[in-house]
Amino acid sequence: MKPMPRRKIVAGNWKMNLVYEESIELAEALLEGLQEEKMGDTHVIIAPPSLHIQPITELLLFTPGIAVAAQNCHEEASGAFTGEVSAQMIRSIDADAVILGHSERREFFGETDELIAKKMKAALKNELSVIYCCGERLDERKSDAHEEVVGGQIRTAFKDFSADEMTNVIIAYEPVWAIGTGETATVAQAGSMHHFIRSVLEELFGAATAEATSILYGGSVKPGNAADLFAHADIDGGLVGGASLKADDFIRIIYAMGG
Ligand code: 13P
């Protein structure tokens, strides 16, 4: 499996939005609108609904710098799990990565870090990179438990992982109170959490892995706040929800990382 050094990454999580034609239009708009020289060495990942992955991977087949991710996968390879999609299936349509542990999956589908760990193993086994999401709720931030919560999520999720496996893991810190609310974490809040996450990775896997792991910030990233967030040394990019549904906004966020 190809190791991924610490990279600048801007990822768009389209969530359960856009019908087929709209997904294709958005992917085409990115393909046409993105100018390589303004992207710098930023890697772009888009995560359309799983039904739309294949036509989009076909569309982007010869486009370096834009990868495609699924938003979830099942932990088993195959079997009687009606309605589910396996990592193997996702890989078979040329997706590159999968987002796992998003707070919406934790909240609405009861996903725990133990389950997320199994899903991550399935993804890595099928040569998909993982974007692992973590983050505290508002009450946890208010009671000053945010580091304990996020540290706990990471320690549980990566308990049985090796430094080698971590080369294909990207972490996304997404404070739940900042997702879809228009309320962004301040650069200081995000930067300090990213620094803390890196220290937990160092404790678990050593300094080289901690240094090499990309940590993205997610939660109301917009064209207007992206440059400030991305300027922080510990913020390696963003995981963007709402603003990734508009090609112009998403492109401006990508350029904020590249520029
Ligand atoms: P918003 O950018 O809409 O706040 O969503 C963030 C997110 O959940 C990305 O995974």
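Both ligands and their constituent atoms are indexed starting at 1 by order of listing.
- Note on E111 versus R106: no salt bridge recorded, every NZ/NE/NH1/NH2 to OD/OE distance being 4.0 Å or above.
- Counting protein heavy atoms only, atom 3 (O) of ligand 1 is closest to G242 N, 2.8 Å.
- For K222, the NZ atom counts as densely surrounded, since its 6.0 Å shell holds more than 12 non-hydrogen atoms of other residues, nucleotides or ligands.
- If you run salt bridge (charged side-chain N to carboxylate O under 4.0 Å, His left out) between D139 and each of K142, R141, R137, only R137 comes through.
- Of all the heavy atoms of N13, the ones lying under 4.0 Å from any atom of ligand 1 belong exclusively to the side chain.
- At least one N or O atom of H102 sits closer than 3.5 Å to an N or O atom of ligand 1.
- With a heavy-atom cut-off of 4.0 Å, A178 touches ligand 1 through its backbone alone.
- With respect to atom 7 (C) of ligand 1, the closest heavy atom belonging to the protein is E174 OE2, 3.2 Å.
- With Y255 as the aromatic partner, R252 does not meet the cation-pi criteria of under 6.0 angstrom to the ring centre and within 45 degrees of the ring axis.
- Taking a cut-off of under 4.0 Å to the non-hydrogen atoms of S220, the atoms of ligand 1 that pass are 1 (P), 2 (O), 4 (O).
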Which pairs of donor and acceptor atoms, one on a side chain in residues 186-197, lie under 3.5 Å apart (sequence neighbours left out)?
from, atom 1, to, atom 2, distance (Å)
T186, OG1, Q189, N, 2.9
T186, OG1, Q189, OE1, 3.4
Q189, OE1, T186, N, 2.9
H194, ND1, I215, O, 3.4
H194, ND1, D234, O, 3.0
H195, ND1, D234, OD2, 3.0

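- Residue G218 places every heavy atom at 4.0 Å or more from ligand 1.
- Protein heavy atom at the shortest distance from atom 2 (O) of ligand 1 is G241 N, 2.9 Å.
- Sorted by first then second residue, the salt bridge (Lys or Arg N to Asp or Glu O under 4.0 Å) pairs that include residues 81-100, not counting sequence neighbours, number zero.
- Residue contacts with ligand 1: A243 is excluded, as none of its non-hydrogen atoms falls under 4.0 Å.
- Inclusion of G180 in the set of residues having an N or O under 3.5 Å from an N or O of ligand 1 is warranted.
- Close contacts between ligand 1 and L239 involve ligand atoms 9 (C), 10 (O) [criterion: under 4.0 Å to a heavy atom].
- No side-chain donor from either of H102 and Q71 sits under 3.5 Å from a side-chain acceptor of the other.
- Defined by atom type and a distance below 3.5 Å, a donor-acceptor pair is present between the side-chain atoms of Y132 and D113.
- Distances shorter than 4.0 angstrom occur between a heavy atom of K15 and an atom of ligand 1.
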